[in-house]
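As C-alpha cells, the structure follows; a few thoughts come after it.
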Amino acid sequence: MFIRARFYYIVVVIILTLGAGHWWSPLFVVGKVMLALLALVFVADCVLLWHRRGITASRECSERFSNGDENDVLLHIDSTYAMGVKLDVIDEIPPVFQRRDIQFAMSLAAGQSGSITYKLRPTERGVYSFGKIRVFARSFLGMVMRRYTCGEPLDVKVYPSYLMLNRYELLAMRNNLTELGIKRIRRAGNNTEFEQIKDYVQGDDYRTINWKASARRHQLMVNVYTDERSQQIYNVIDKGRVMQQAFDGMTLLDYSINASLMLSYVAIRKEDKAGLVTFDDELDSYIPADKRPGYMQNILEGLYAQETTFGESDYSSLCVNVNRLISKRSLLVLYTNFSGVASLNRQLPYLRQLNKRNRLLVVFFADAELVDYLKKHPADTEEYYHHVIAEKMAYEKRLIVNTLRQQGIYALLTTPQNLSIDVLNRYLEMKSRNLF
C-alpha cells in the first residue's frame, strides 16, 4: 500500500480545523466530521482496490536486439476492475541503459486493456536483463495506490545491427537502394553471364525482359544474370586498444562489426563468399569464406562474441595466419585505426605483405567531432590555435591515405556513422572494376 500526498494534505487541513476549534468550538465539530469522512473514504478506497487482483501486465520484445538501432518493447496491461483506474507503469529495463524515464501514466476504463510501446537503443553487445513490471493502480478516490508486480525477468541478447540488413533487403526488392546512400556503379564492360529465365516481378530491371520468352508464355519474363566469378571477401577486424574509442556511445569495434555484417550480407547476395578474421595480440577467430544458405548465421554468431582488448595488435601474427589459412586470392577489408603517420609506419611492412597475395582495403576512421569542429570559424586567437592543431590531426589522416595508395594499398577514411555505407560503396566499386 502506498498512501498518496492527497491524503496527507487532507489530514493537515483536518488538524488545523481541530486546532482552530479551541478558539471557536463549531470548528472542532467540523474537524471531527471531516476526520470520520476521511476514514470512511480511506477504507472504501482500500476495499475498491484490494477486493480482487485487478491488474495484469506482460512484456513483448524481440529475442534479439540490434546493436546501435532503436528496438521496440511493448507492454500489455489488462484491468478486470469494475471501475476505471489510473495507472503508473514502470518497466525495469537493464541497468546498462541508465534511463530513468521508463515510467508511463495511463487510464483504463472498467475491464479495459491497453498497451505501451517504447524504444531502447543498445550500444554494446551482450546479454541484457529485464526485471519485473511494476504497476501502481489508484481509483477515482485517489487516497491510496496498490502496487502490482507483473511479468517475468527476461534476458535479451544484443547482436550486431541486423535491422539494417532487413532495411537493405526491403529496399533491394523495391529497387531503391539509393535511399541508403548506395551509389549506382556503372560497369566497364560485361562481366556477367546468363543464369536463368524467370517470371517478372515488380522491381526487376525492365531492360532484362526476354521478349521472345514473354511472347511464348503470354506473360512478362526476364533474364537473370550472375557474376562470372565467385570471389572471397574477408572482414578483418582489429580488436586492439585503438578500437576502444567511442562515438555516440558505440566503440569503433561495434561500428566495424555492424559494417562487417552488412558487407557479408551484400557479398553473399552477390554470389561472393564472405568470411571473418579477428585479431589482437594473436589471431582470435577465423570463419572461412562461404556463401551457403544460412551461412550468415555463422557470421552473426561469430561477430556477437567479439570484444576489444587493451593490448597492442600484432600484425606480424596476422600476416602469418592469413597466409596460412587463406590460400585463394581474396579481398581483405581491414578495420583498424591510426592516430598518425608514425603509427601507420610501424604496421606498413605487414600491410604490404598482406597486399602481396590478396587485395587489401584498409578502413580507418576520421573523428566526426573533429570534422564538425573544423567547419566552425574561429572567433579569437585561442580558437585559431585549436583550429591549427585540429587541422594538423586531420591532415595526418589524409596523409595516411596517400601513403597507403603510394604502396598500392586501397584505403578508406570515413566517419563511424557513415562506415557501413562507405564500405559497401567501395566494395561495389572495386567489384565492378575487377580489382580483386
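A donor-acceptor pair shorter than 3.5 Å cannot be found between the side chains of N258 and S161. N71 and S62 form no side-chain donor-acceptor contact under 3.5 Å, judged by distance and modelled atom types alone. Using modelled atom types and a 3.5 Å distance limit, the side chains of Y315 and D238 yield a donor-acceptor pair.
Of all non-hydrogen atoms in G340 and E396, the two that sit nearest each other are CA-OE1, 3.1 Å. In terms of heavy-atom proximity, F338 sits nearest to Q347 at CE2-CG, 4.4 Å. G114 approaches M106 most closely through the heavy-atom pair CA-CE, 4.0 Å. Shown here for E307 and L253, the closest heavy-atom pair between the two residues is C-CD2, 3.6 Å. Considering every non-hydrogen atom in both N67 and P122, the closest pair reads OD1-O, 3.1 Å. Between P160 and I257, the shortest heavy-atom contact is CG-CG2, 3.3 Å.
Salt-bridge check for K270 with D272: failed, with every basic side-chain N at 4.0 Å or more from each acidic carboxylate O. Salt-bridge annotation for D72 and K119: present, with a side-chain N of the basic residue lying under 4.0 Å from a carboxylate O of the acidic one. The existence of a salt bridge linking E271 and K431 is excluded, since no basic side-chain nitrogen approaches an acidic carboxylate oxygen closer than 4.0 Å.
Judged by distance alone, the side chain of Q353 and the main-chain N or O of P349 form no donor-acceptor pair under 3.5 Å. A donor-acceptor contact shorter than 3.5 Å links the side chain of D45 to the backbone of V144. Of the possible donor and acceptor atoms, one in the side chain of N358 sits under 3.5 Å from a partner among the backbone N and O of S330. A distance-only check finds no donor-acceptor pair linking the side chain of N355 to the backbone of L351 [under 3.5 Å]. Here the side chain of R138 pairs no donor or acceptor atom with the backbone of M145 at under 3.5 angstrom. In this structure, Y295 contributes its side chain and I268 its backbone to no donor-acceptor pair below 3.5 Å. Put simply, the side chain of D314 gets close to the backbone of S316: a donor and an acceptor are under 3.5 Å apart. A donor-acceptor pair under 3.5 Å links the side-chain atoms of T278 to the main chain of S285, judged by distance alone. A donor-acceptor pair is defined here as one N or O able to donate and one able to accept, closer than 3.5 Å; no such pair exists between the side chain of Y148 and the backbone of T56. Here the side chain of R146 pairs a donor or acceptor atom with the backbone of L49 at under 3.5 angstrom.
Two residues are said to be in side-chain contact when any heavy atoms from C-beta on lie closer than 4.5 Å; V401 and Y410 fail this criterion. S58 is listed as a side-chain neighbour of H76, based on a closest heavy-atom distance under 4.5 Å. Counting heavy atoms from C-beta outward, Q306 and R125 have side chains that approach closer than 4.5 Å. Side-chain contact between Y286 and N321: absent, with no pair of heavy atoms (C-beta onward) separated by less than 4.5 Å. The closest side-chain heavy-atom distance from T414 to I421 is not below 4.5 Å. Side chains of P153 and F130 form no contact here, defined as non-hydrogen atoms less than 4.5 Å apart. Side chains of V156 and C61 form a contact here, defined as non-hydrogen atoms less than 4.5 Å apart. For the pair V362/L412, no side-chain contact is recorded, criterion being any heavy-atom separation below 4.5 Å from C-beta on.
Between Y128 and F65, the distance separating the two ring centers is not shorter than 6.0 angstrom. In summary, the aromatic rings of Y335 and F365 are positioned with their centroids too far apart to meet the 6.0 Å limit.
The distance from atom CD1 of I197 to atom OG of S214, rounded to the nearest 0.5 Å, is 8.5 Å. Annotation: the span from Y234 atom OH to L331 atom CG amounts to 11.5 Å, rounded to 0.5 Å. With values rounded to the nearest 0.5 angstrom, F97 atom CZ is found 4.5 Å from L120 atom CG. With rounding to the nearest 0.5 angstrom, the CG atom of L154 is 11.0 Å from the CD atom of E60. Annotation: the span from I55 atom CD1 to D78 atom CG amounts to 8.0 Å, rounded to 0.5 Å. To the nearest 0.5 angstrom, L361 atom CG is 10.0 Å from L404 atom CG.
Remark: R324 CZ is packed, more than 12 non-hydrogen atoms of other residues, nucleotides or ligands lying under 6.0 Å away. Around atom NZ of K328, more than 12 heavy atoms belonging to other residues, nucleotides or ligands sit under 6.0 Å away. Around CD of Q98, the count of heavy atoms belonging to other residues, nucleotides or ligands within 6.0 Å exceeds 12.
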Is there a side-chain hydrogen bond (donor to acceptor under 3.5 Å, both in side chains) between S129 and D155? Walk through the geometry before answering. CA-CA 4 Å; S129 298; D155 289 338; 2.7 Å; yes
Can you list the steps and then say if F279 with D284 is a side chain to side chain contact (heavy atoms under 4.5 Å, CB included)? CA-CA 5 Å; F279 72 102; D284 181 70; 5.5 Å; no
Verify side chain to side chain contact (heavy atoms under 4.5 Å, CB included) between K356 and R352, making sure each step is shown before the conclusion. CA-CA 6 Å; K356 282 182 179 179; R352 287 199 299 261; 5.6 Å; no
Given the rule in the side-chain hydrogen bond (donor to acceptor under 3.5 Å, both in side chains) test, do Q417 and Y255 qualify, once you have shown the distances and angles that lead to the verdict? CA-CA 8 Å; Q417 293 83 352; Y255 281 109; 4.6 Å; no
Run the numbers on L48 and Y81 for side chain to side chain contact (heavy atoms under 4.5 Å, CB included), then give the verdict. CA-CA 9 Å; L48 289 174; Y81 282 118; over 6 Å; no
Under the side chain to side chain contact (heavy atoms under 4.5 Å, CB included) criterion, do R121 and M250 qualify, and how do the steps go? CA-CA 11 Å; R121 179 181 179 270; M250 287 177 58; 3.9 Å; yes
Intermediate values then yes/no, salt bridge (charged side-chain N to carboxylate O under 4.0 Å, His left out), K157 and E63: CA-CA 7 Å; K157 289 185 177 181; E63 295 180 356; over 6 Å; no
Verdict with reasoning, T123 to D254, per side-chain hydrogen bond (donor to acceptor under 3.5 Å, both in side chains): CA-CA 8 Å; T123 56; D254 282 309; over 6 Å; no
Using side-chain hydrogen bond (donor to acceptor under 3.5 Å, both in side chains), reason through D91 and Y118 one step at a time and then give a plain yes or no. CA-CA 10 Å; D91 192 9; Y118 66 93; 2.4 Å; yes
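Between F2 and F136, the two ring planes are perpendicular [angle over 60°; tilted spans 30° to 60°].
When R134, R59, K132 are each tested for a side-chain hydrogen bond (donor to acceptor under 3.5 Å, both in side chains) with E92, only one passes: R134.
S107 is linked by a side chain to side chain contact (heavy atoms under 4.5 Å, CB included) to K86, counting only residues two or more places apart in sequence or in another chain.
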